[in-house]
Number of protein chains: 2
Amino acid sequence: MSPDDYLAAAERYCEARGSKLTALRRQVLALVLSQPGVVKAYQVLADLQRERGAAAPPTVYRALDFLVEQGLLHRVDALNGFIVCPHFECAHEGLILVCERCGLVEEADATNSLDMLHQAAAERGFAPRRQNLVLTGTCKECHA
Amino acid sequence: MSPDDYLAAAERYCEARGSKLTALRRQVLALVLSQPGVVKAYQVLADLQRERGAAAPPTVYRALDFLVEQGLLHRVDALNGFIVCPHFECAHEGLILVCERCGLVEEADATNSLDMLHQAAAERGFAPRRQNLVLTGTCKECHA
DNA sequence: GGGCGTAATGTTATACAATAACAATCAGGT
DNA sequence: ACCTGATTGTTATTGTATAACATTACGCCC
């Protein structure tokens, strides 16, 4: 899916959910889309400053938080970064693989093991918030 | 297991692995042990400063990195914190459950599903960094 | 013991990440 | 127009982590 198509779909998606993809939020989303793999908040901030002059950290963090909340982005804790969710529309649970070396992101189907994980948690009375699991490591190209 | 027993066991464990649990590293480990749940680097730093006067961030981070490398501690990315690994002796993949409400942290054994996850990743040529997976959600006590 | 290489620690400064607190503005409903 | 709540702007600060280099301690060989 091209960035433009993605943005259009995101627009419709937010519309349908009754949330507002404002100009600023759209711009931040576009900036994240414009780069491959994991994107950092301060990188987005720098890009935003190039495009619209003044901008401060809270501006970026608020937009990113919104986008994560909507499910358009995922936060990658291990890297203090963000990645685009390739299919926010269908609510299925994915396994996201992030290469620490090159920043490549891919998604694997791991429904079975994810179900098992949730079950293991449930056995302890623990209710996981639904989320897409992220594994960091090295991709095929990058392990020496 | 009491802190003292844990420290003694850690000592033997490092000895056996040919790594050095120096006085400083032992002290940092003791400081982490002295607190329940998740411990933050700068909290350890403050404690260390109380105990030995001067101390700077790199001192603490290096000790914590060492302890994580040895498997004595786990880093909890989602919280920028560290937890004690209760069973460093047996090689294992842990599943760490963090309650968003009360902050409780527990480590569950989920070797099977974690193995499956790694396998799913491996099928794509992806090598996950050895890590302990974190699920956030609500614990037994907390889901209303 | 003296000298050497490596690992560990100390020190200073800085980079990177995130939020607090409050002011200003905008959009929709009545 | 007016009110209300959400969004964005602004300034300042707090929290997290590492770079770069100096110094000290340890093991080893001779």
Side-chain angles (χ1 to χ4, degrees), chain A residues 11 14-15 17-32 35 38-70 72-83 100 103 134 136, chain B residues 10-11 14-15 17-32 35 38-70 72-83 100 103 129 134 136:
Chain A
E11 206 114 46
C14 286
E15 177 78 33
R17 308 184 82 212
S19 65
K20 283 179 278 190
L21 187 64
T22 63
L24 174 64
R25 290 163 176 170
R26 194 180 198 282
Q27 187 176 11
V28 167
L29 179 55
L31 287 171
V32 175
Q35 286 198 281
V38 177
V39 180
K40 317 274 284 186
Y42 273 64
Q43 179 60 56
V44 174
L45 176 58
D47 294 346
L48 197 59
Q49 286 169 338
R50 259 197 292 92
E51 289 191 359
R52 59 158 68 190
T59 299
V60 165
Y61 279 102
R62 286 192 284 233
L64 290 172
D65 287 348
F66 169 85
L67 295 168
V68 168
E69 220 164 80
Q70 301 305 310
L72 296 167
L73 301 182
H74 297 305
R75 174 145 216 278
V76 184
D77 288 323
L79 304 175
N80 292 326
F82 300 83
I83 58 178
E100 293 175 316
V134 176
T136 57
Chain B
E11 206 113 45
C14 287
E15 177 77 33
R17 309 183 82 213
S19 66
K20 283 179 278 189
L21 186 63
T22 63
L24 173 65
R25 291 164 175 172
R26 193 179 198 282
Q27 186 177 12
V28 166
L29 180 55
L31 286 171
V32 176
Q35 286 197 280
V38 177
V39 180
K40 318 275 283 188
Y42 272 66
Q43 179 60 54
V44 173
L45 177 58
D47 294 346
L48 197 61
Q49 286 168 338
R50 261 197 291 91
E51 287 190 0
R52 60 160 66 189
T59 300
V60 164
Y61 278 102
R62 286 194 283 235
L64 290 172
D65 287 348
F66 170 85
L67 295 168
V68 168
E69 219 164 81
Q70 301 305 310
L72 296 167
L73 300 183
H74 298 307
R75 172 140 219 277
V76 184
D77 287 324
L79 305 174
N80 292 326
F82 300 83
I83 60 176
E100 294 175 315
R129 182 163 53 76
V134 176
T136 55

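Just so it is clear, the structure is predicted and the values come from calculations on it, not from any experiment. Chain identifiers are assigned alphabetically (A, B, ...) following the order of the sequence lines, protein sequences preceding nucleic acid strands; residue numbering begins at 1 within each chain.
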C14(A) side, atom SG; L67(A) side, atom CG - distance, nearest 0.5 Å: 7.5 Å
side-chain hydrogen bond (donor to acceptor under 3.5 Å, both in side chains) partners for E11(B), two or more places apart: R26(B)
Distances under 3.5 Å between nitrogen or oxygen atoms of protein and nucleotides 12-16 of chain D:
residue, atom, partner, partner atom, Å
dT16(D), OP1, K40(B), NZ, 2.8

E51(A) and L31(A), any side-chain heavy atoms less than 4.5 Å apart: yes
Whole-Å gap separating P (dT10(D)) and CD (Q49(A)): 12 Å
Pair V134(A)-D77(A), side chain to side chain contact (heavy atoms under 4.5 Å, CB included): steps then yes or no: CA-CA 9 Å; V134(A) 176; D77(A) 288 323; over 6 Å; no
Carboxylate-amine/guanidinium contact R62(B) D65(B), below 4.0 Å: no
Whole-Å distance separating the NZ atom of K20(A) from the C1' atom of dG28(C): 8 Å
Sugar-phosphate only, base, or nothing, as touched by T59(B) at under 4.0 Å among non-hydrogen atoms: base
Short side-chain N/O contact to dA6(D) OP1/OP2 from R62(A), under 4.0 Å: no
Between the first and last five pairs of the helix from dG1(C)-dC30(D) to dT30(C)-dA1(D), the angle of the axes, rounded to 10 degrees: 20°
Qualifying residue for side chain to side chain contact (heavy atoms under 4.5 Å, CB included) with L73(A), from V39(A), L64(A), I83(A): L64(A)
Within-4.5 Å side-chain heavy-atom neighbours: F66(B) and L21(B): yes
Close side-chain approach of V28(B) and V44(B), heavy atoms under 4.5 Å: yes
Rounded distance (Å) that lies between atom P of dA8(C) and atom CZ of R52(B): 15 Å
Length of the CZ-C1' vector between F66(A) and dA18(C), whole Å: 20 Å
Length of the CG-C1' vector between L48(B) and dA8(C), whole Å: 15 Å
Rounded interatomic separation in angstrom, taking CG from L21(A) and P from dA27(C): 15 Å
Rounded distance (Å) that lies between atom C1' of dT7(D) and atom CG of L64(A): 15 Å
Interatomic distance where CG belongs to D65(A) and C1' belongs to dT7(D) [whole Å]: 14 Å
R25(A)/Q70(A) under side-chain hydrogen bond (donor to acceptor under 3.5 Å, both in side chains): CA gap, chis, key distance, verdict: CA-CA 11 Å; R25(A) 290 163 176 170; Q70(A) 301 305 310; over 6 Å; no
